[in-house]
Amino acid sequence: ILILSEDLPLKAINRMKELDVLKYINPEIKITSETKYLFKEVTNSFAVEVLFLEKKIDRWLINILAFVDSLVLDDIIKICIRFKFDKNIVHKIRIIKENEKKIMNYLDKIKLKNSLIYKGLYHMPIEGILFYFARSKSIRVRQRIHAYISSLIKMKVGISGNDLKSLGVKPGPAYKDIFRMILYDKLDGIIKTKDDEINFVKKLYALKT
């Protein structure tokens with residue numbers, strides 16, 4: 001973890017390779033030119049994309065995904081368990097790897113609205129999203145991940161529960177649905193101001209102005 005938390009972990013990993021100790025982690029781990037390229041891209045993406053994020057990022061988690069990229073998921077999980085990684089970390093790694101191909105293909109669609117980009121990434125650990133950015137060689141995928149990290153993830157709904165109550169909307173689970181619909185329309189540029197949000201709710205419930 002300490003090695004993988006460094007800015008340039010590849011130097012230490014190459015040394016581990018020279019000393020032939022990688023086999024004690026997993027004999028199938030290979031440090032190829034592709035692995036080295038991936039580490040480089042992780043470093044580059046971390047240096048740029050993290051500038052847009054407010055939350056703390058587990059850098060070593062992104063690097064370990066690059067380190068074990070040649071392994072199947074079952075072997076990756078075995079490493080996590082053997083080295084007694086925190087259960088939350090193991091869960092994150094499983095989610096990231098299980099969804100990797102699906103999300104990469106999803107983000108590479110020709111037409112994809114901002115709300116759909118948001119839906120595809122919102123429930124993924126941010127470390128996984130940064131790894132996908134580094135992993136992908138598709139300009140379209142990278143642009144969409146950058147858009148998500150730099151702006152979409154920060155989009156907020158302007159109205160509150162009190163606003164909905166004052167508009168006559170009965171408190172309950174519907175509030176969450178309304179906020180979600182407003183957020184998606186804001187992401188797609190359909191709703192721009194708080195007045196637009198209020199008018200959306202009025203129209204939705206056919207409320208009188």
Side-chain angles (χ1 to χ4, degrees), residues 38 41-42 44-58 61-62 65-66 69 91-165 167-207 209:
L38 184 52
E41 289 302 306
V42 167
N44 291 341
S45 66
F46 198 90
V48 176
E49 299 302 321
V50 170
L51 297 175
F52 297 100
L53 296 168
E54 298 173 358
K55 60 173 67 176
K56 181 181 177 295
I57 310 297
D58 284 322
L61 178 52
I62 308 171
L65 289 165
D69 189 56
H91 180 65
K92 277 187 178 183
I93 289 174
R94 184 183 292 278
I95 289 175
I96 293 165
K97 293 302 295 181
E98 282 180 342
N99 290 279
E100 183 177 339
K101 287 184 179 179
K102 182 178 75 173
I103 289 180
M104 293 283 210
N105 291 334
Y106 176 79
L107 292 176
D108 208 24
K109 290 180 179 180
I110 294 174
K111 292 184 179 181
L112 207 62
K113 296 188 294 185
N114 284 341
S115 59
L116 294 176
I117 296 171
Y118 184 93
K119 288 178 186 179
L121 292 174
Y122 182 70
H123 294 293
M124 292 303 301
I126 193 64
E127 292 87 0
I129 295 170
L130 288 166
F131 175 70
Y132 297 155
F133 183 92
R135 186 76 172 76
S136 178
K137 294 180 181 178
S138 164
I139 294 174
R140 185 185 291 128
V141 171
R142 285 183 163 225
Q143 286 175 336
R144 285 168 172 169
I145 291 176
H146 174 73
Y148 176 80
I149 289 173
S150 62
S151 62
L152 303 185
I153 196 175
K154 299 174 184 178
M155 190 73 74
K156 305 293 181 185
V157 172
I159 62 173
S160 66
N162 287 333
D163 292 320
L164 293 182
K165 191 174 182 180
L167 287 168
V169 182
K170 185 178 178 181
Y175 277 29
K176 187 175 181 180
D177 294 332
I178 294 170
F179 291 144
R180 184 170 57 249
M181 287 187 286
I182 291 172
L183 176 61
Y184 292 162
D185 276 358
K186 286 190 75 172
L187 288 166
D188 292 334
I190 299 169
I191 289 176
K192 295 181 172 65
T193 66
K194 186 174 180 179
D195 284 342
D196 290 342
E197 295 179 24
I198 291 171
N199 289 331
F200 172 87
V201 177
K202 287 178 178 179
K203 184 177 178 181
L204 187 66
Y205 284 87
L207 300 173
T209 57

Is it the case that the side chain of [X] and the backbone of [Y] share a donor-acceptor pair, with hydrogens and angles ignored and the cut-off at 3.5 Å?
X	Y	answer
Tyr106	Leu121	no
Asn114	Leu187	yes
Asp108	Asn105	no
Ser45	Val42	yes
Tyr184	Tyr118	no
Asp188	Ser115	yes
Asp163	Ser160	yes
Glu197	Gly158	yes
Lys186	Lys156	yes

[X] [atom1] to [Y] [atom2] distance, which is reported to the nearest 0.5 Å:
X	Y	atom1	atom2	answer
Met155	Ile191	CE	CD1	11.0 Å
Tyr148	Ile129	OH	CD1	4.5 Å
Leu167	Ile159	CG	CD1	7.0 Å
Ile145	Ser150	CD1	OG	11.5 Å

Are side-chain heavy atoms of [X] and [Y] found at a separation under 4.5 Å?
X	Y	answer
Phe179	Leu164	yes
Ile57	Ile62	yes
Leu38	Phe131	yes
Asn99	Tyr132	yes
Leu183	Arg180	no

**Prompt:** Does Lys154 NZ have over 12 foreign heavy atoms under 6.0 Å away?
**Reply:**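 Count over threshold, so yes.
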
**Asked** After noting the C-alpha distance and the side-chain angles of Val169 and Leu204, does the key distance pass the side-chain contact (heavy atoms from CB on, under 4.5 Å) rule?
**Response** CA-CA 10 Å; Val169 182; Leu204 187 66; over 6 Å; no

**Prompt:** Where do Ile96 and Met124 land on the side-chain contact (heavy atoms from CB on, under 4.5 Å) test, with the steps shown first?
**Reply:** CA-CA 7 Å; Ile96 293 165; Met124 292 303 301; 4.2 Å; yes

**Message:** Which heavy atom of Ile103 sits nearest to which heavy atom of Gly120, and what is that distance?
**Reply:** CD1-O, 3.8 Å

**Message:** For a quick test of reading the model, state the closest non-hydrogen atom pair linking Asp58 to Lys92 and the distance between them.
**Reply:**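 In this case the closest contact between Asp58 and Lys92 is OD2-NZ, 4.3 Å.
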
**Sole residue of Lys137, Arg142, Arg135 in salt bridge (Lys or Arg N to Asp or Glu O under 4.0 Å) with Glu41** =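 Testing Glu41 for a salt bridge (Lys or Arg N to Asp or Glu O under 4.0 Å) against Lys137, Arg142, Arg135 leaves exactly one candidate, Arg142.
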
**Message:** As a quick check of understanding, evaluate side-chain contact (heavy atoms from CB on, under 4.5 Å) for Asp69 and Lys97, giving each step before the final call.
**Reply:** CA-CA 9 Å; Asp69 189 56; Lys97 293 302 295 181; 3.5 Å; yes

**Request:** Check the pair Ile149 / Phe133 against side-chain contact (heavy atoms from CB on, under 4.5 Å), numbers first and verdict last.
**Result:** CA-CA 10 Å; Ile149 289 173; Phe133 183 92; 5.7 Å; no

